[in-house]
Amino acid sequence: MNYPVWELPSLGGGTLIAIIAVIHSFIAHLAVGGGLFLVLTEIKARKNNDAALLGYVKAHTKFFLLLTMVFGGITGVGIWFIISLVQPAATSSLIHNFVFGWATEWVFFIAEIVALLIYHYRFDKMNPKDHVRVGWLYFIFAWLSLFVINGILGFMLTPGRWLETQSFWEGFFNPSFWPALIFRTGIALSIAGIFGLVTASFRKDKQLRQRLYKMNAKWLYFPFILIALTAIWYLAIIPANAEANILRFNPAVKPWYIVWAVATGAIFLIGIFFLVRLPVMLQRVTVFVLVLTGLAWMGGFEYTREIARKPYVIYGHMYSNSILKSDLQKINQEGFLITAKWAEVKEVTNENMLEAGAEISRLQCMACHTMGGYNDLISRTSHLTERGMEAKLTGLGQVNDYMPPFAGTEKEKKALAAYILRDIHGKEAPEPYSATVEPEPVEIPPFDQDSKYVLLAWNDLGMHCISDNSDYWSFLPPANTLWAQLIKRGPKPEIISDGVKLHYEVEEGFKHPEKHVDFWKNAKKT
Amino acid sequence: MITQIVPTADTIPVNWWWFQILLIVTFLLHIILMNFILGGSLLSLWDSFRKKPAIEGKSIPTLIALTINLGVPPLLFVQVIFGNFFYTSSVLMAGPWILLIPILIIAYYGAYIYVFKKTSSPLFSKISLLISSIFLLFIGFMLVNNNTLMLTPERWSAYVDNKSGWMLNLGEPTLWPRYLHFIIGAIAIAGLGKTLFYHFKKDIDTETKQHEKSRGMKIFAFATMIQVVVGIWFWLSLPEPIWKFFMGGNIVATIWLMLGILLALVLIFTASRKLMTLTVSLAAFLLLNMIITREIVRHQYLKGIGEPSNLTTTGEIGSLILFLFTFLIGIALIYYMIKLIFKPKNTVI
């Protein structure tokens with residue numbers, strides 16, 4: 001734990017990352033697919049001498065430039081900003097491992113911008129062949145920047161052999177690189193169709209509009225085949241744990257998965273609207289709904305991918321709370337607070353317990369949880385007792401493996417549980433439990449020196465099957481087993497197991513243990 | 001004590017000098033463009049209140065695109081060699097830092113509105129330009145805050161009472177002179193940009209051309225005069241060991257800074273004599289001089305607590321080769337595309 005934490009208790013840094021990332025991802029995919037859309041549509045228009053279609057391409061270019069270069073470009077920088085504020089350690093790791101990957105990405109970025117500026121500002125001022133050439137260059141650069149960022153994004157989910165070698169190339173061309181690249185290319189082409197419909201709906205010429213709808217609907221639909229096929233490949237490659245997280249265990253993923261699935265269907269259905277003739281206003285409203293659906297789809301996908309990576313930020317290497325997997329054992333032995341550079345409290349004492357707990361919560365929990373917002377810590381712990389909270393912390397990373405294990409000593413764990421229960425929930429500290437054992441006066445008969453035998457007797461369960469909540473927890477039916485052993489005394493003691501008969505008798509009041517517990521009320525007699 | 005809270009630095013693939021040089025070169029390009037847009041916006045604003053048409057203002061949106069783009073590599077390289085300082089100071093002022101993103105988006109769109117609405121809605125256009133300029137100034141102020149805060153870990157302890165990310169470095173003595181040094185410099189270089197713009201502008205009458213060119217030079221000369229004073233104020237506001245470093249403490253550094261000051265004085269002269277080519281070349285060198293000085297200052301601040309030469313190098317050279325290779329091809333293709341614009345048949349159509 002190297003860095004200070006930006007405290008955003010109710011909003012959560014994760015929420016900010018999500019907002020910026022989803023918007024950026026949507027526009028950035030457009031910037032790639034839209035490049036191919038522009039150049040192919042221009043070629044088509046020029047080939048058929050179609051002035052109306054060419055006019056559309058020109059208008060679409062301006063819209064495209066204002067949306068992708070300004071909004072897309074700056075939100076891209078925005079993701080970098082926000083991740084370095086919320087996850088500085090992970091960002092530092094990505095920057096240092098892939099610095100020249102990022103630098104390469106920047107080369108494509110600047111070439112992309114120069115190409116787009118020329119394509120836009122010289123639309124009618126260049127000979128068509130050269131203009132189309134610049135259009136192609138734009139698309140190639142845009143796609144190459146997807147190529148680079150895809151490698152680094154994929155690395156976070158499937159670092160593959162990088163975990164052993166730390167090699168740039170193994171991290172970059174990681175196991176999910178190719179399926180994700182093709183998958184995202186499909187998304188990019190599909191989104192190009194969505195935004196093609198946006199500008200199409202604002203064309204005044206009715207006939208042209210109808211023609212554009214048909215053309216754009218194809219852009220929207222056909223890439224979906226690519227997306228569907230690579231989705232299967234993609235899912236086959238991600239780690240088994242992550243897949244289990246997505247499909248089964250982590251409750252946080254479910255809404256996003258549903259959003260994703262519903263939006264997929266909705267995009268198809270809404271797309272059909274454009275193939276039938278409708279009033280232009282209705283079409284504009286529909287296209288607006290389509291853009292929002294597309295955004296939801298993107299959100300569903302990116303969120304699902306993010307959650308699949310839990311409990312890591314770099315799979316198998318760094319946990320979501322910036323703790324390195326390789327440091328865990330050391331932290332558990334030496335203590336978390338002492339190793340966290342920005343912790344003000346360095347050691348848990350009886351006096352500073354809640355303060356120390358707050359510190360641990362800030363440094364370990366707040367990377368993902370909020371107080372009352374997304375991934376709310378308060379509602380997730382309200383049903384627990386302090387002891388239960390401790391048990392839950394112990395189970396992290398084991399019972400539920402979509403959360404990182406608790407890092408720290410037993411004392412620190414207790415402090416965190418105490419802080420959550422007492423400070424956040426205002427619950428009383430549990431009464432210190434001290435059982436006062438009153439010695440039962442038992443008369444021990446004096447040892448008979450002359451006796452030839454010693455009889456030992458005991459039972460194998462004692463009291464440990466009895467608990468105060470046997471309605472919920474009971475592993476054994478009420479019963480007991482009595483053991484006895486008879487030893488013959490002498491210079492060479494001997495266990496006697498033949499030729500003797502042992503008798504026993506249960507005292508009054510203890511003859512029917514099943515009458516004292518509710519076991520048989522709860523369990524069906526078989 | 002301070003070193004206890006400075007985060008541990010990550011390893012770097014190749015020798016830190018690579019990143020230092022790349023940082024200087026790309027920051028130089030970024031700062032030139034930044035000067036054009038910030039200084040240009042302020043000058044256009046000034047002109048628009050004097051009801052003077054300033055056609056050079058229409059290039060601002062395009063220049064913003066390139067400024068942001070060229071801001072990426074220096075931001076990347078500074079994170080590579082000073083990341084543990086930079087990330088920390090960014091977290092401490094996370095609120096305003098993340099606000100830079102929406103503010104930059106608004107400033108950028110504002111510049112487009114300024115250009116698009118200039119004739120159809122002059123008032124709206126002017127207001128947009130005003131908002132853009134204020135926002136650009138705000139961004140500069142936050143950059144100066146972060147860049148000074150990262151150098152002063154002794155101030156980081158204020159985090160104890162301000163964990164919500166709204167900690168600015170307002171108590172820093174160099175803050176205002178440093179900020180002012182950037183703004184005045186931006187106006188000066190934008191003046192020079194104006195001269196260059198009109199020099200290369202073709203469809204314009206000679207009289208306007210000469211008038212505007214000479215105005216640009218005057219702005220540059222006048223702003224540089226103020227800049228020398230502000231610069232010296234900035235220099236002397238630095239912590240004593242650092243300003244002394246440039247005043248005999250280190251002979252190379254002293255000569256280097258003196259060279260810069262001398263250059264500035266020479267530039268006032270060449271600009272007032274309207275020697276454009278000489279002024280532009282010397283000014284470019286002066287910018288490089290100042291940027292290198294800025295790096296020396298940074299190293300002096302972090303001496304003993306975060307020297308890049310102490311970073312562990314992994315020696316993985318493959319990705320560097322990938323970058324250099326892509327960079328050359330990228331430059332060649334950008335050159336090719338720009339050449340396409342100026343191909344005779346493309347300029348005629």
Side-chain angles (χ1 to χ4, degrees), chain A residues 2-8 16 20 66 69-71 73-75 77-78 80-82 84-86 88-89 91-93 95-104 106-111 113-115 117-118 121-122 124-127 130 133-134 137 141 166-169 172 341-342 344 362, chain B residues 4-8 10-13 19 22 62 65-66 68-73 75-77 79-80 83-84 87-88 90-92 94 97-98 100-101 104-105 108-109 112 156 159-160 163-165 314 316 318-320 322-323 326-327 329-330 333-334 337-338 340-341 343 345-347 349:
Chain A
N2 253 330
Y3 288 94
V5 171
W6 177 20
E7 216 169 47
L8 279 173
L16 280 178
I20 301 176
L66 287 176
M69 212 171 73
V70 181
F71 206 69
I74 302 181
T75 47
V77 177
W80 187 14
F81 269 51
I82 193 70
S84 60
L85 297 176
V86 179
T91 308
S92 177
S93 177
I95 290 293
H96 286 84
N97 275 302
F98 293 106
V99 49
F100 289 117
W102 296 112
T104 305
W106 164 73
V107 174
F108 296 139
F109 181 28
I110 189 166
I113 281 185
V114 172
L117 286 168
I118 295 174
Y121 283 107
R122 313 296 292 182
D124 291 327
K125 297 171 188 145
M126 267 178 128
N127 88 58
D130 286 341
R133 210 170 268 172
V134 173
L137 281 174
F141 289 131
Q166 261 87 55
S167 137
F168 174 91
W169 301 105
F172 188 82
K341 290 201 165 183
W342 282 75
E344 289 157 43
R362 201 158 51 76
Chain B
Q4 276 175 9
I5 56 168
V6 173
T8 315
D10 284 332
T11 56
I12 51 175
F19 304 107
L22 286 166
T62 301
L66 296 170
I68 295 170
N69 183 280
L70 281 162
V72 168
L75 189 63
L76 173 65
F77 298 127
Q79 290 184 17
V80 173
N84 44 343
Y87 294 125
T88 308
S90 301
V91 170
L92 300 185
W97 193 242
I98 197 61
L100 294 192
I101 299 301
L104 183 55
I105 291 175
Y108 197 167
Y109 278 125
Y112 270 114
W156 293 354
Y159 170 75
V160 175
K163 297 191 175 81
S164 56
T314 60
E316 189 173 42
S319 60
L320 170 66
L322 166 81
F323 164 65
T326 320
F327 185 68
I329 292 184
L333 285 172
I334 288 171
M337 286 189 286
I338 292 171
L340 275 186
I341 309 175
K343 230 162 93 175
K345 58 179 178 178
N346 287 340
T347 46
I349 295 169

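Convention: sequence-line order gives letters A, B, ...; per-chain numbering from 1.
Proximity to chain B (any heavy atom under 4.5 Å) is shown, for Ile82(A), by both the backbone and the side chain. Contact annotation for Ile68(B): only side-chain heavy atoms (C-beta onward) come within less than 4.5 Å of a heavy atom of chain A. When heavy atoms are compared at a cutoff of 4.5 Å, Tyr112(B) approaches chain A solely by way of its side chain, counted from C-beta outward. Neither the backbone nor the side chain of Phe98(A) comes within contact range of chain B; no heavy atoms are under 4.5 Å apart. Proximity to chain B is absent for every atom of Leu16(A), based on heavy atoms less than 4.5 angstrom apart. Proximity to chain B (any heavy atom under 4.5 Å) is shown, for Val5(A), by both the backbone and the side chain. Heavy atoms closer than 4.5 Å to chain B are found in the side chain of Ile118(A), but not in its backbone. Only the side chain of Phe108(A) comes within contact range of chain B, judged by heavy atoms closer than 4.5 Å. Only the side chain of Ile113(A) comes within contact range of chain B, with at least one heavy atom under 4.5 Å from a heavy atom of that chain. Heavy atoms of Leu75(B) lying under 4.5 Å from chain A belong to its backbone as well as its side chain.
Taking the side-chain contact (heavy atoms from CB on, under 4.5 Å) definition, one finds that Pro7(B) meets it with Asn2(A), Tyr3(A), Trp342(A), Asn84(B), Thr88(B), Trp156(B), sequence neighbours left out. The side-chain contact (heavy atoms from CB on, under 4.5 Å) search around Ser90(B) returns Leu85(A), Phe86(B), Trp97(B), Asn146(B), not counting sequence neighbours.
Taking CE of Met69(A) as the reference point, atom OG1 of Thr62(B) lies at 6.5 Å (rounded to 0.5 Å). Annotation: the span from Phe81(A) atom CZ to Ile98(B) atom CD1 amounts to 7.0 Å, rounded to 0.5 Å. Tyr109(B) OH to Phe71(A) CZ: the interatomic distance, rounded to the nearest 0.5 Å, is 6.5 Å. Rounded to the nearest 0.5 angstrom, Gln166(A) CD and Thr314(B) OG1 are separated by 9.5 Å. Here Met126(A) contributes atom CE and Lys343(B) contributes atom NZ; the two are 7.5 Å apart, rounded to the nearest 0.5 Å.
Interface check for chain A: of the options Ile12(B), Ile101(B), Leu22(B), the most heavy-atom pairs under 4.5 Å are formed by Ile101(B). The candidate with the highest count of non-hydrogen atom pairs below 4.5 Å against chain A, out of Leu70(B), Val80(B), Leu66(B), is Val80(B). For chain A, the option among Gly330(B), Gly318(B), Gly71(B) with the highest count of heavy-atom pairs below 4.5 Å is Gly318(B). Ranked by heavy-atom pairs under 4.5 Å with chain A, the list Leu333(B), Ile338(B), Thr11(B), Thr326(B) is led by Thr326(B). When the candidates Val134(A), Leu137(A), Leu66(A) are compared by the number of heavy-atom contacts under 4.5 Å with chain B, Leu66(A) comes out ahead. With respect to chain A, the highest number of heavy-atom pairs below 4.5 Å among Ala94(B), Ala65(B), Gly165(B) belongs to Ala94(B). Residue with the most contacts toward chain B among Ala115(A), Ser92(A), Ser93(A): Ser92(A) (heavy-atom pairs, distance under 4.5 Å). Among Trp102(A), Phe172(A), Trp169(A), the residue with the largest count of heavy-atom pairs under 4.5 Å with chain B is Trp169(A).
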Task: Stepwise side chain to side chain contact (heavy atoms under 4.5 Å, CB included) check, Phe327(B) with Trp106(A) - done: CA-CA 9 Å; Phe327(B) 185 68; Trp106(A) 164 73; 3.8 Å; yes
Task: Residues Tyr121(A), Ile341(B); criterion side chain to side chain contact (heavy atoms under 4.5 Å, CB included); working and verdict - done: CA-CA 10 Å; Tyr121(A) 283 107; Ile341(B) 309 175; over 6 Å; no
Open item on the list: Determine whether Trp80(A) and Leu76(B) satisfy the following criterion, side chain to side chain contact (heavy atoms under 4.5 Å, CB included), listing intermediate values before the conclusion.
Closed with: CA-CA 10 Å; Trp80(A) 187 14; Leu76(B) 173 65; 3.9 Å; yes
TODO: For Asn69(B) and Val114(A), run side chain to side chain contact (heavy atoms under 4.5 Å, CB included): C-alpha distance rounded to whole Å, both residues' side-chain angles, the deciding distance at 0.1 Å, then the answer.
DONE: CA-CA 10 Å; Asn69(B) 183 280; Val114(A) 172; over 6 Å; no
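Pairing each heavy atom of Lys341(A) with each of Val6(B), the nearest pair is NZ-O, 2.8 Å. Shortest non-hydrogen contact noted between Pro88(A) and Val91(B) is CG-CG2, 4.1 Å. The heavy-atom pair separating Pro4(A) from Tyr159(B) by the smallest distance is CB-CZ, 3.8 Å.
Side-chain contact between Ile110(A) and Ile334(B) is present, with at least one heavy-atom pair separated by less than 4.5 Å. Between Phe168(A) and Pro13(B), the closest side-chain pair of non-hydrogen atoms is not below 4.5 Å. Asn97(A) is not listed as a side-chain neighbour of Asp10(B), based on a closest heavy-atom distance of 4.5 Å or more.
A donor-acceptor pair under 3.5 Å is absent between the side-chain atoms of Gln79(B) and the main chain of Ile95(A), judged by distance alone. Between the side chain of Trp6(A) and the backbone N or O of Ser164(B) there is at least one donor-acceptor pair closer than 3.5 Å.
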